[in-house]
Amino acid sequence: MGWLLPFDNLLCMALGISFTVWFTSLLVFIIVPAILGVSFGIRKLYMNSLLKIFEWATLRMERGAKEKNQHLYKPYSNGIIAKEMSTLEQEIQELRSSSTTLSSEPEFEMADIMSFCRRGVESIVDDEVTKRFSAEELESWNLLTRSNYNFRHISLRLSVLWGLGLLIRYSFLLPLRITLAATGIGLLVVLTTIVGFLPSGRLRTYLSEKIHMMCYRICVRALTAIITYHNSENKPKNGGICVANHTTPIDVIILANDGCYSMVGQVHGGLIGVVQRAMVKSSPHIWFERSEVKDRHLVAKMLSNHVADKTNHPILIFPEGTCINNTSVMMFKKGSFEIGCTVYPVAIKYDPRFGDAFWNSGKFGMVSYLLRMMSSWAIVCSVWYLPPVNREEGEDAVQFANRVKAAIARQGGLVDLLW
């Protein structure tokens, strides 16, 4: 068996060289630029290349579907039901024409009520609120099977392209992104814990800010996130509250990539709990127990004490309290608008062509959702910093919240819902 030793040595050498090249590339092209806050423009070049591929694939599918007389997309619906574009009279006429029991058409048949019942049930199930909690199908295909449920074989070239994309996403991008995410989270936990042992002062604050920014930038690269920030002169400042529309848990990473914030949330267990405990050691975040959530006055007092200290970072809050599917903004809870400090509105809008960022928490757990994000092409979004606003004289918290919500919806091109 001695003849196997040279082969084993060669295999070990090849694996060693592969791992060395892999981690060296990560360090040089991703981690070091994240630490320095610079970009080589690779992600934007990648995005533009994807757009050209998507356009070609969509045109090829439309032409192939037209030749085969197939419907390429489902009838467009911004909800959970694909409704038929027909009137009640047409539906009743179709029901009667299919019946052969009577020779003449009567004025009324018992089956006529079925069309009215179906329309009523559709209106109840697919109301303006419910449809905001389901992902909508794209009008074009982005080579992700889950973005077009009517996918059929159109041509060999298109199928090969889809298979090549599947191979790239799961054999290269997914391992790369998992490695980067583990690196970012690991560094955040370790370094914030170490900084937490330093005495309070400028050095500790400075190091904490640099560590948070570095780790969030690594996590942004773990999602291949391409973010465009607008109106940076309106960025939130210390002693204020930043409020934004909420589509996904990664909204936090998107915003923290461009500035430091104090987070507000409930104490969790598991990995999230480990990260929370490490973060609070180096910077002032507000974590409260489940029992304290119900005590609105206690939470409001904690927020007031935080913003009263102008050395604290702005508080980041998502007043909707849940994730909405990137099409609208729902009612803001008034708690964060009762504090009496400056509010910095932020609008976030994701481009669904590269991957659906919406988190449907009723359908996907956190782990499966993150895997879907990391196996998508990229996360592309725009962030608008709106001018700071204050509560006007004679304006209550609800009116203030609605005014801010309307401004965010208007800037982000979202539907402003009153629900």
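Note that this is a predicted model, so its numbers are computed, not measured.
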Q) Stepwise, does the side chain to side chain donor-acceptor pair (under 3.5 Å) test hold for Ser382 with Tyr350? A) CA-CA 6 Å; Ser382 295; Tyr350 292 88; over 6 Å; no
Q: Flag the pair Asp416 and Arg410 as a salt bridge only when some basic side-chain nitrogen lies within less than 4.0 angstrom of an acidic carboxylate oxygen.
A: no
**Q.** Identified side chain to side chain contact (heavy atoms under 4.5 Å, CB included) partner of Met263 from the options Leu316, Ile286, Val280
**A.** Leu316
(Q) Which residue is it: Thr192, Leu198, Leu191? I am looking for the one with a side chain to side chain contact (heavy atoms under 4.5 Å, CB included) to Leu207. (A) Leu198
Q) Is there a side chain to side chain donor-acceptor pair (under 3.5 Å) between Asp258 and Tyr385 once you walk through the steps? A) CA-CA 11 Å; Asp258 194 43; Tyr385 296 112; 2.7 Å; yes
Q.
Could you check whether His212 and His285 have their ring centres less than 6.0 Å apart?
A. yes
Q) Stepwise, does the side chain to side chain donor-acceptor pair (under 3.5 Å) test hold for Tyr229 with Asn257? A) CA-CA 10 Å; Tyr229 297 97; Asn257 176 66; 3.1 Å; yes
Can you confirm whether the side chains of [X] and [Y] place a donor and an acceptor under 3.5 Å from each other?
X      : Y      : answer
Thr342 : Asn390 : yes
Ser262 : His306 : yes
His313 : Glu209 : yes
Arg204 : Ser282 : no

Q.
If you apply the rule salt bridge (charged side-chain N to carboxylate O under 4.0 Å, His left out), what do you find for Arg403 with Glu395, and how did you get there?
A. CA-CA 10 Å; Arg403 180 160 61 93; Glu395 186 178 44; 2.9 Å; yes
